[in-house]
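Worksheet for the structure shown next.
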Amino acid sequence: MKLTVIGYWGAYPAKGSATSCYLLEKDGFSCLLDCGSGALSRLQLFKDVMDIDAVVLSHYHNDHIADIGVLQYSWLVQNYINNTEEILPIYGHVEDKHGFENLTHNFTEGIPYDPEGTLNVGPFSFTFMKTEHPASCYAMRITDGEKTIVYTADSSYTKDFIPFSEAADLLITDCNFYEGQDGNKPGHMTSKEGAEIASKAGVKQLVLSHHPHFGNRADLLIQAKKYFDGTTYLAEEGLIWGN
Ligand SMILES: [Zn+2]
Ligand SMILES: [Zn+2]
């Protein structure tokens with residue numbers, strides 16, 4: 001299983017980049033985790049839009065779903081040009097009725113996931129955990145039967161992440177704040193909090209993502225490394241994990 005970071009900003013994309021979006025691949029199956037602002041443009045450096053097989057969404061904040069609309073237009077245009085009728089499944093929770101309904105379009109189908117159950121998408125199995133965030137949001141634990149990735153999506157710190165992330169091969173954390181700041185109100189974590197989850201859960205590698213637009217982001221990595229001694233990366237476009 002291979003993961004490529006497409007977008008890693010919180011809130012809005014800095015110029016020439018994107019907010020939350022990750023490309024997950026195995027055996028020719030390609031799945032997007034979230035589809036934030038700028039994601040469709042940046043994705044095409046790595047993947048043709050019609051080669052996406054599924055999308056799984058954590059929640060309906062714009063920095064995670066902003067490009068769903070243009071992804072739907074891309075499938076409309078490409079199906080028309082190619083004289084095809086391919087349908088893209090987009091999985092989301094149904095706690096935001098309006099958000100969920102917007103996932104269905106001419107050539108996309110919104111499909112609800114049960115956060116209490118297991119979602120099988122191609123070669124991947126997803127389980128979910130509700131996060132601490134102003135909008136209903138679900139973290140994802142994803143396995144292909146060999147390796148495991150945990151994506152916290154958006155959340156302030158909760159100890160529930162420790163069992164949820166246990167022994168994962170890769171943990172991708174919300175890292176919207178620096179050590180010493182308080183992310184509780186907006187529902188995000190600091191570099192220190194993400195690293196402590198990684199350490200306590202015994203994960204192998206950590207990617208700090210969902211970056212802030214203030215401060216020196218290199219400090220996020222320096223801070224996290226004080227609390228987690230596994231391999232740690234600052235998310236950037238094109239960062240690849242696995243194979
Ligand atoms: Zn976000
Ligand atoms: Zn959010």
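Each ligand, and each atom within it, is numbered from 1 in the order the structure gives. Computation of the quantities below employed the complete heavy-atom set of this structure, encompassing side-chain atoms and omitting hydrogens, waters and symmetry-equivalent molecules.
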Original post:
Do Asp182 and Asn184 have side-chain N/O donor and acceptor atoms under 3.5 Å apart?
Top reply: yes
**OP:** Answer yes or no as to whether an N/O/S atom of Cys137 is found below 2.8 Å from the Zn ion (ligand 2).
**Re:** no
**OP:** Using distance alone, with no hydrogens and no angle criterion, decide if Tyr227 and Glu179 have a side-chain donor and acceptor under 3.5 Å apart.
**Re:** yes
Original post:
Taking atom types as modelled, is there a side-chain donor on Trp9 or Ser17 under 3.5 Å from an acceptor on the other?
Top reply: yes
Original post:
Does a donor on one side chain sit under 3.5 Å from an acceptor on the other, for His210 and Asp63?
Top reply: yes
Subject >> the Zn ion (ligand 1): protein N, O or S atoms [distance under 2.8 Å] >> reply: Asp63 OD2, His64 NE2, Asp154 OD2, His210 NE2
Subject >> Any side-chain donor near an acceptor of the partner, Ser58 and Asp34, under 3.5 Å >> reply: yes
**OP:** Decide whether Asp154 and His61 meet the rule of one side-chain donor and one side-chain acceptor closer than 3.5 Å.
**Re:** no
